[in-house]
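Okay, structure first, notes after.
Note that ligands are numbered from 1 as they come in the structure, with each ligand's atoms numbered from 1 the same way. What you see is a predicted model, and the numbers here were worked out from it, not measured in a lab. Just the heavy atoms: all of them, side chains too, but no hydrogens, waters or symmetry mates, feed the values below.
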Amino acid sequence: MGKQSKLLFEQAKKYIPGGVNSPVRAGKSVGIDPPFIAEAQGALIRDVDGIEYIDYVGSWGPMILGHAHPQVVAAIKERTARGTSYGAPTELEVRMAEMIVDMVPSIEMVRMVNSGTEATMSAIRLARGYTGRKKIVKFDGCYHGHADSLLVSAGSGVATLGIPGSPGVPEDLARHTISLPFNEIQAVDQAFDKYGPEIACIIVEPIPGNMGVVIPDKSFLKRLREVTGQYGALLIFDEVISGFRVAPGGAQEIYGVLPDLTCLGKIIGGGLPVGAYGGRKEIMLRMAPEGEIYQAGTLSGNPLAMAAGLATLNILRQGDLYPELEEKGNTLFSGLEAAARDAGVRVVVNRIGSMGTLFFTDKPVSDFATAKVSSEKLFKIYYNTMLEQGIYLAPSPFEATFISAAHTREMIEKTIESASIAFRGMLNCDTLAS
Ligand SMILES: *Cc1c(COP(=O)(O)O)cnc(C)c1O
């Protein structure tokens, strides 16, 4: 790592736990000290030592247009001079709500919040308030932000009652969370057989991106819709990553399965702190001040965030970026796969559009258990070799690689060449022989 980054990390660790404001950034699992970023433009990101990288993190999802997109920058600038927060309704919020309702098939009404965590936390509260039930169902390896009820990562097994995934989460709360293996209809049916009338909702990433990218079976998503309907529970799609990423209307548009509530974040803020939850009108009207379920926010619907988000969604709504993103995604991941094959390294690629993950395993990855088989040792080599060559990836084997509209063919080719070098460097690694 460069000198300036090292120095800043030392200073950061004095005043910030672990030196970072979100744990994954520290790069602990790949054995690095993180580069400190000075600026970014398009698909390129530059650290404080002037080292430039091709960025595949994209702020963990939001930067689908690339960094500092001129229309987004102009929209933020234009608003800033007119005041940055009023704590009162604005026209921008109406336009944003209209835009979301227009783009996301199942949303009739929406409430803006400040992060994905707030969106999922509020959607769970709404589901519990609406149904008058306590239990929630989630899936192993899905991440829904850090709200207490959702931090449970119970071990595999059908209808395992949650144990706290983090100290500080009361067991009294965690025991209401049931965590099941993704893509397994039987596990879901068994949980509903046993606890059906107590279950308020299922919350799911319809296309998981937080155990690495996993592709859902369409029949699985359909079954979630059926079983929740049957038992009067709500179906919540957490589309904080997949929303506006895989299609203008997210995963629900692609798979044709409509949830009761949808959580949004990341792209919707165009790089500013935003989240949203929305869904059927009859359910959303239960929120205060119309209804009795409470949720609020001093900065919710913030004008700068709405301006950045609207500028981003305006471009995405036109739809013509998606075929381009699909092509770039295909070029990158088929290139990586071929390079691995040439080097004799076994990999599995899961990809949809511009998000994908390379797993170091030879078995299909369809849930958390199969994702965890991926070799962390090989990933560490991959990550470090890529970073040395100026390729900036998420420092974890369980994350997505994100491509933006600003990535060029040349950048993608350089990335594949760099990966070739990384894969060849693995040949001496004994894990390969196992
Ligand atoms: C990132 C993420 C969240 C949490 O969003 P924050 O803005 O980080 O709070 C929730 N759900 C999913 C699927 C995510 O990827």
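Aromatic ring orientation, Phe139 versus Phe182: perpendicular (interplanar angle above 60°, classes split at 30° and 60°). Between Tyr231 and Phe192, the ring planes lie tilted relative to each other; the angle falls in the 30° to 60° range.
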Check ligand 1 for close polar pairs with the protein: N or O on both sides, less than 3.5 Å.
| unit_1 | atom_1 | unit_2 | atom_2 | d |
| --- | --- | --- | --- | --- |
| ligand 1 | 5 (O) | Gly116 | N | 3.4 |
| ligand 1 | 7 (O) | Gly116 | N | 2.8 |
| ligand 1 | 9 (O) | Gly116 | N | 3.4 |
| ligand 1 | 9 (O) | Thr117 | N | 2.8 |
| ligand 1 | 9 (O) | Thr117 | OG1 | 2.6 |
| ligand 1 | 11 (N) | Tyr143 | O | 3.3 |
| ligand 1 | 11 (N) | Asp238 | OD1 | 3.3 |
| ligand 1 | 11 (N) | Asp238 | OD2 | 2.6 |
| ligand 1 | 15 (O) | Asn210 | ND2 | 3.1 |
| ligand 1 | 15 (O) | Lys266 | NZ | 2.6 |

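With a 6.0 Å radius and a threshold of 12 heavy atoms from other residues, nucleotides or ligands, Tyr86 has its OH atom above the threshold.
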Practice prompt. Could you walk me through whether Arg95 and Met99 pass side-chain contact (heavy atoms from CB on, under 4.5 Å), step by step?
Written response: CA-CA 6 Å; Arg95 298 296 157 246; Met99 176 82 86; over 6 Å; no
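Side-chain contact between Ile199 and Ile136 is absent, with no heavy-atom pair separated by less than 4.5 Å.
Every pair passing salt bridge (Lys or Arg N to Asp or Glu O under 4.0 Å) that includes a residue from residues 244-261 is listed here, sequence neighbours excluded: Arg225-Asp260, Asp260-Arg280.
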